[in-house]
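Working notes, beginning with the structure itself.
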Amino acid sequence: MQVQFIGLGYIGLPTAAVVAQKGIHVHGVDVNPKVAETINQGKIHIIEPGLEEVVKEGVEKGLFKASTTPVEADVHLVVVPTPFKGNHEPDISFVESATMAVLPFLKEGDTYIIESTSPVGTTEKMADLIFQKRPELKDKIHIAYCPERVLPGNVLYELVHNDRVIGGINKNSTEKAKEFYRTFVQGELHSTNARTAEMCKLTENSSRDAQIAFANELSFICDKAGINVWELIELANKHPRVSILQPGAGVGGHCIAVDPYFIVSDYPRESRLINTAREINNYKAFWCAEKTKTAMLEFELKNGRKPTTAIMGLAFKPNIDDLRESPAKYIAQKVMQSEQNNFLVVEPNIEEHSVFKLTNYREAYEKADIIAFLVAHNEFKTLEYNNDKIILDFAGVFKR
Ligand code: SAJ
């Protein structure tokens with residue numbers, strides 16, 4: 001079997017490497033020649049624990065090769081980004097161009113699978129496109145959708161152990177796609193149709209977004225009511241059927257803050273809760289920035305001098321070095337617009353940053369008057385609560 005991955009990013013690359021680990025020949029395609037070059041040297045262009053070793057092994061054994069152009073294969077996977085346009089409308093142009101790129105290489109008996117998060121109906125659209133351009137392949141190839149659901153930072157484990165939902169455009173396609181996933185997935189493989197599989201991915205992330213919005217809404221209420229939201233949630237969760245997530249500085253990353261819009265954009269009247277959850281989670285970051293600015297003003301009024309403020313954390317979630325779509329970064333930028341104030345920016349998971357000058361977390365905690373915890377990194381939890389500081393614990397480091 002020869003497997004081809006179109007897109008070698010955060011999901012495509014680890015999946016390709018894990019498939020090659022099973023002794024299967026894998027051809028990876030990325031539009032960026034630097035990415036292909038890096039991989040062919042046994043190195044990686046993204047950060048994921050343990051991944052480089054697996055890529056290196058595949059390349060050294062001659063099982064995994066990367067290039068900028070597709071080849072003939074038995075299974076073709078589309079694993080490219082699906083961002084949204086200015087008005088939160090999903091942009092499936094990368095899926096379309098990936099499909100156009102493999103089109104000339106498709107042959108009878110092949111399996112074509114989309115993994116990219118996609119609006120409902122995308123797989124059927126791509127099937128139409130394929131059969132329009134290559135009518136001789138009608139009913140001769142298998143077409144399916146199978147969303148990824150791995151957690152950044154734990155990708156290699158979850159790729160193998162998570163259950164997968166697989167939906168073909170017909171039963172035969174579902175079965176063929178399952179055959180492929182069985183080569184490396186130890187979790188269960190659940191069959192459905194393509195539309196349900198597409199919606200399933202969007203549902204998973206919208207569900208998490210809505211649950212985080214609930215926690216964030218509680219944090220607004222508790223702030224006004226003088227209640228410790230962390231204690232409240234801990235106590236409410238003692239109920240056998242209640243399981244509330246944690247409030248934070250907002251929702252970041254490339255999935256949870258994006259995917260719900262794919263539902264809202266197509267079904268705006270029906271998706272009021274999903275849409276409101278997005279609004280609440282976006283508002284949370286703004287609220288944190290405003291709270292920090294107010295604390296700075298109050299300090300100045302009380303002490304007759306401008307405070308030094310420590311911005312603790314820039315990553316989009318705890319214990320990772322990924323700053324993309326990070327609410328913490330947004331808050332830092334907003335707060336630091338206030339001129340003539342002193343800031344110490346901390347992010348223990350990265351060495352340096354092109355915009356922010358970074359300070360060691362202990363030094364910042366010691367020197368600053370106001371401490372704004374934006375991410376609950378493990379390092380921060382080793383600090384001792386200091387009553388002399390103004391501590392804005394948005395991320396629940398001390399939970400006080
Ligand atoms: N967050 C909170 N409170 C919480 C949990 C998370 O504020 O209680 C925040 C985080 O700080 C972060 C954001 O939510 O800013 C998202 O983090 P996450 O850990 O919930 O999720 P991601 O974006 O790293 O990965 C998600 C996962 N989806 C679900 O858990 C339903 C992952 O399984 C998906 O594969 C991934 O999205 C994806 O690629 O779609």
Side-chain angles (χ1 to χ4, degrees), residues 7 9-15 46-49 79-84 90 115-118 146-165 187 197-220 229-230 233-234 236-237 243-263 274 277-278 280-285 287-288 312-331 349 373-378 380 393-397 399:
Y10 277 82
I11 305 298
L13 179 58
T15 315
I46 57 172
I47 297 145
E48 181 59 39
V79 200
V80 293
T82 37
F84 53 53
E115 282 205 6
S116 307
T117 303
S118 302
C146 176
E148 59 79 18
R149 30 162 66 154
V150 290
L151 196 71
N154 198 25
V155 167
L156 289 179
Y157 178 86
E158 294 205 358
L159 259 179
V160 174
H161 293 91
N162 287 358
D163 283 14
R164 301 289 293 242
V165 172
E198 288 160 346
M199 185 62 184
C200 191
K201 170 70 191 181
L202 304 179
T203 301
E204 289 161 17
N205 281 351
S206 300
S207 156
R208 194 155 168 86
D209 196 43
Q211 290 179 56
I212 298 168
F214 184 74
N216 279 332
E217 186 159 292
L218 287 176
S219 75
F220 302 139
V229 68
W230 315 101
I233 291 176
E234 199 183 325
N237 283 349
S243 177
I244 304 167
L245 290 177
Q246 300 292 296
V251 167
H254 349 289
C255 309
I256 298 196
V258 176
D259 301 356
Y261 289 120
F262 288 19
I263 301 178
I274 296 171
R278 279 282 68 244
I280 292 169
N281 288 334
N282 283 340
Y283 175 66
K284 184 64 195 273
W287 185 86
C288 293
M312 304 293 273
L314 291 173
F316 91 83
K317 67 176 186 176
N319 309 318
I320 57 163
D321 57 3
D322 194 340
L323 268 51
R324 294 175 305 162
E325 311 299 328
S326 163
K329 204 172 67 184
Y330 162 86
I331 296 164
N349 295 294
F373 284 110
L374 305 181
V375 193
H377 289 313
N378 284 342
F380 302 164
D393 193 2
F394 301 124
V397 169
K399 304 203 166 179

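Nothing fancy with the numbering, it's 1 onward along the sequence. Atom set for the values below is all heavy atoms of this structure, side chains included, hydrogens, waters and symmetry mates excluded. Atoms within a ligand are numbered from 1 in the order they appear, just like the ligands themselves.
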*Provide the number and element of each atom of ligand 1 under 4.0 Å from a heavy atom of Glu204.*
31 (C)

*Just need the protein heavy atom nearest to atom 8 (O) of ligand 1, so name the residue and atom and give the distance.*
Gln246 N, 2.9 Å

*If only atom types and distance count, is the side chain of Asn319 paired as donor or acceptor with the main-chain N or O of Asn378 below 3.5 Å?*
yes

*Check each of Glu158, Glu325, Lys284, Arg208 against atom 18 (P) of ligand 1 and report the one with the nearest heavy atom.*
Arg208

_Using a 3.5 Å cut-off on N or O atoms only, is Lys317 in polar contact with ligand 1?_
yes

*asked:* With a 3.5 Å distance limit and no angle check, can you tell me whether Asn281 reaches the backbone of Ala257 through a side-chain donor-acceptor pair?
replied: no

*Flag if over 12 foreign heavy atoms under 6.0 Å of CZ, Phe84*: yes

_With a 4.0 Å cut-off on N to O distance, would you call Lys201 and Glu148 a salt bridge?_
yes

*Atoms of ligand 1 close to Pro152 [distance to a heavy atom under 4.0 angstrom, numbered from 1]*: 24 (O), 25 (O)

*Heavy-atom donor-acceptor pair, Ser206 side chain to Thr203 backbone, under 3.5 Å*: no

*What protein heavy atom sits nearest atom 25 (O) of ligand 1, and how far away is it?*
Leu151 CD1, 3.6 Å

*Which residue and non-hydrogen atom of the protein lie closest to atom 15 (O) of ligand 1, and at what distance in Å?*
Phe316 O, 2.6 Å

*Can any side-chain N or O of Gln211 pair as donor or acceptor with the backbone N or O of Leu245 at less than 3.5 Å?*
no

*Please confirm whether Gly253 comes under 4.0 Å of ligand 1, counting heavy atoms of the residue only.*
no

*Examine Ile256 against ligand 1 and note whether any of their N/O atoms are separated by less than 3.5 Å.*
no

*With rounding to the nearest 0.5 Å, note down the distance linking CD in Glu48 to CG in Asp321.*
9.5 Å

*For atom 1 (N) of ligand 1, which candidate among Asn154, Thr117, Ile212 holds the nearest heavy atom?*
Ile212

*Can you find a non-hydrogen atom of Ala257 under 4.0 Å from ligand 1?*
no

*Which residue and non-hydrogen atom of the protein lie closest to atom 33 (O) of ligand 1, and at what distance in Å?*
Arg149 O, 3.0 Å

*Hey, does Lys284 have a side-chain heavy atom less than 4.5 Å from the side chain of Phe220?*
yes

*Of the side chain and backbone of Val150, name the one, both, or neither that has a heavy atom under 4.0 Å from an atom of ligand 1.*
backbone

*Tell me which protein heavy atom sits closest to atom 28 (N) of ligand 1, plus the residue, atom name and distance to 0.1 Å.*
Asn205 OD1, 2.9 Å

*Note the single closest protein heavy atom to atom 16 (C) of ligand 1, along with its residue, its atom name and the distance in Å.*
Gly252 O, 3.7 Å

*Please verify whether a non-hydrogen atom of Lys201 lies at under 4.0 Å from ligand 1.*
yes

*asked:* Any non-hydrogen side-chain atom of Val165 less than 4.5 Å from a side-chain atom of Arg149?
replied: yes

*Do the side chain of Ser326 and the main chain of Ala315 share a donor and acceptor less than 3.5 angstrom apart?*
yes

*Atom of Gly153, atom of Pro49 and distance for their closest heavy-atom approach*: O-CG, 3.6 Å

*Say whether Cys255, considering both its backbone and side-chain N or O atoms, lies within less than 3.5 Å of an N or O atom on ligand 1.*
no

